[in-house]
Amino acid sequence: MLCLEIERKYKLVTGREHLQMIVLGLETSCDETAAAVVDGTGKILSHSVLSQAIEHQPYGGVVPEIAARSHLSHLDKLVTAAMTSAGINYNDIAGVAATGGPGLIGGILVGVMTAKAIAAVHNIPFLAVNHLEGHALTARLTDGVKFPYLLLLVSGGHCQLLVVQGVGSYHRLGTTLDDAAGEVFDKVAKMLGLGYPGGPAIELAAQSGDAGRFNLPRPMKGRPGCNFSFSGLKTAVRQTVEMMPPGELVKKDVSDLAASFQMALIESVSDRMAHALAMFRTEYPHGKSFVVSGGVAANTVLRATLKEQCAKDGLLFVAPPVDLCTDNAVMIAWAGLERLRLGLTDPLSFKPQPRWPLDPNASAAHGVGTKD
Ligand code: KG4
Ligand code: ZN
């Protein structure tokens, strides 16, 4: 069964003054099917997200085949719901944006083909949006952040520190050499029997845990540069679990281990961030803001740590609201709008890109399973 969450937390704005430059956005790159409408002033006219979490829960992670079929079954009605919520019809929209990558190819194909069909039938521009650019530019919609800014993108598929120099212009300072931060949250949650998605479950369990009980490694801490690595931490948690008495873990052990793991991961991220802040200060003296985005940015302990770090460094800390940090289509519509304003539209021959780095000039990070 699917959990339907049509979110309408935002005031619907349907006045004619906002009807210029309205963009419909679609997101289908992972396990959320989403459609949203955003106008040129940054107002969110509709924002619908259909989570597939319950469908993937039995497997402890996203199953690509299930995800693709689910997007196919639900995207049409989600688009209709988003258009109806916004109170507009296709004549009112200036463009249609869809995630063109990176992500799971089956889902991306569904979103891209739907957007292309809408663009072709209504004779409007098509915009292929890089999912990571969606996360990266959200803070400009929510907080009007000016370029350049330092970005920590932490999600289920990515963990990167980047300087956002402009639309389509990124300088990657560091990336993960193995797992993404959210991926590790999910895997550790599975080891602790906390279910999927793991991030929120670990954060909740950690609230009643003792973060000092287990001495887990802080990967990369003290090393130069801004790259991340989390597989050693994941292995250390597994070994700790294996040393526990056989059978189901008791609640106290689960919460202490969740808290110790969360603290270790955050300290590792914070160490990398310190290096990025130093680089940003030197190379971009006019930059004033730091932005955290992606699903893991929902973690309140991580947010508080990074906020404190920024305050010490004199940078403005910006974290979009949680429902705009996790996967959504508002960020795709907004990135589409930013691109449309610059005339950066895409032909209907655009091919979905399962791998699509934001900074094509970044040298390859050396590690097992490097993603970006
Ligand atoms: O950005 P997102 O929605 O999808 C991807 O593009 O990957 O991120 C999903 C990830 C999942 O791994 C999930 O466990 C993690 O974000 N996450 C969290 C929290 N909420 C979601 N991780 C840590 N703490 C949270 N509160
Ligand atoms: Zn994402």
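These numbers come from a predicted model, not from an experiment. Whatever order the structure lists ligands and atoms in, that order sets their numbers, starting from 1.
Using cut-offs of 30° and 60° for the angle between ring planes, the Phe280 and Tyr284 rings count as parallel.
With 2.8 Å as the limit, His135 counts as an N, O or S neighbour of the Zn ion (ligand 2). Taking backbone and side-chain atoms together, His158 has no N/O/S atom less than 2.8 Å away from the Zn ion (ligand 2).
Under 4.0 angstrom from ligand 1, the non-hydrogen atoms of His131 all belong to its side chain.
For the residue pair His131 / Ser29, a side-chain donor-acceptor distance below 3.5 Å is found, with atom types taken as modelled. Using modelled atom types and a 3.5 Å distance limit, the side chains of Ser229 and Asp178 yield a donor-acceptor pair. Of the N and O atoms on the side chains of Tyr196 and Asp31, at least one donor lies less than 3.5 Å from an acceptor on the other residue. A donor atom on one side chain and an acceptor atom on the other are not found under 3.5 Å apart for Glu32 and Thr326.
Between Asp253 and Arg213 there is a salt bridge, with a side-chain nitrogen of the basic residue lying less than 4.0 Å from a carboxylate oxygen of the acidic one. Taking the charged nitrogens against the carboxylate oxygens, Asp271 and Arg218 have no contact shorter than 4.0 Å, which rules out a salt bridge.
Some N or O of Asn299 is nearer than 3.5 Å to an N or O of ligand 1, by distance alone.
Annotation: atom 26 (N) of ligand 1 to nearest protein heavy atom, Glu203 OE1, 2.8 Å. The closest protein non-hydrogen atom to atom 23 (C) of ligand 1 is Gly199 CA, 3.4 Å. Given atom 5 (C) of ligand 1, the protein heavy atom at minimum distance is Asp327 OD2, 3.4 Å.
Residue-ligand proximity, Gly182 to ligand 1, at heavy-atom distances under 4.0 Å covers atoms 12 (O). The ligand atoms of ligand 1 that sit less than 4.0 angstrom from a heavy atom of Thr326 are 3 (O). Below 4.0 Å from some heavy atom of Gly157 lie the following atoms of ligand 1, by number and element: 7 (O).
Aromatic ring centres of Phe261 and Phe185 lie closer together than 6.0 Å.
For the residues Ala53, Ala189, Gly295, the heavy atom positioned nearest atom 1 (O) of ligand 1 is part of Gly295. Within the set Asp31, Val49, Asp186, the minimum heavy-atom distance to atom 13 (C) of ligand 1 is found for Asp186. Of all the listed residues (Ala201, Gly134, Gly156, Ser29), Gly156 holds the heavy atom that lies closest to atom 7 (O) of ligand 1.
Remark: Arg140 is positioned above the aromatic ring of Phe147, its terminal NZ or CZ atom under 6.0 angstrom from the ring centre and at most 45 degrees off the axis.
Residue contacts with ligand 1 leave out Gln262, since none of its heavy atoms falls under 4.0 Å from the ligand. Not close to ligand 1: Cys30, with no non-hydrogen atom less than 4.0 angstrom away.
The side chain to side chain contact (heavy atoms under 4.5 Å, CB included) test with Ile124 is passed by exactly one of Leu340, Thr345, Ile93: Ile93.
As for Asp327, its N/O/S atom nearest the Zn ion (ligand 2) is the one called OD1.
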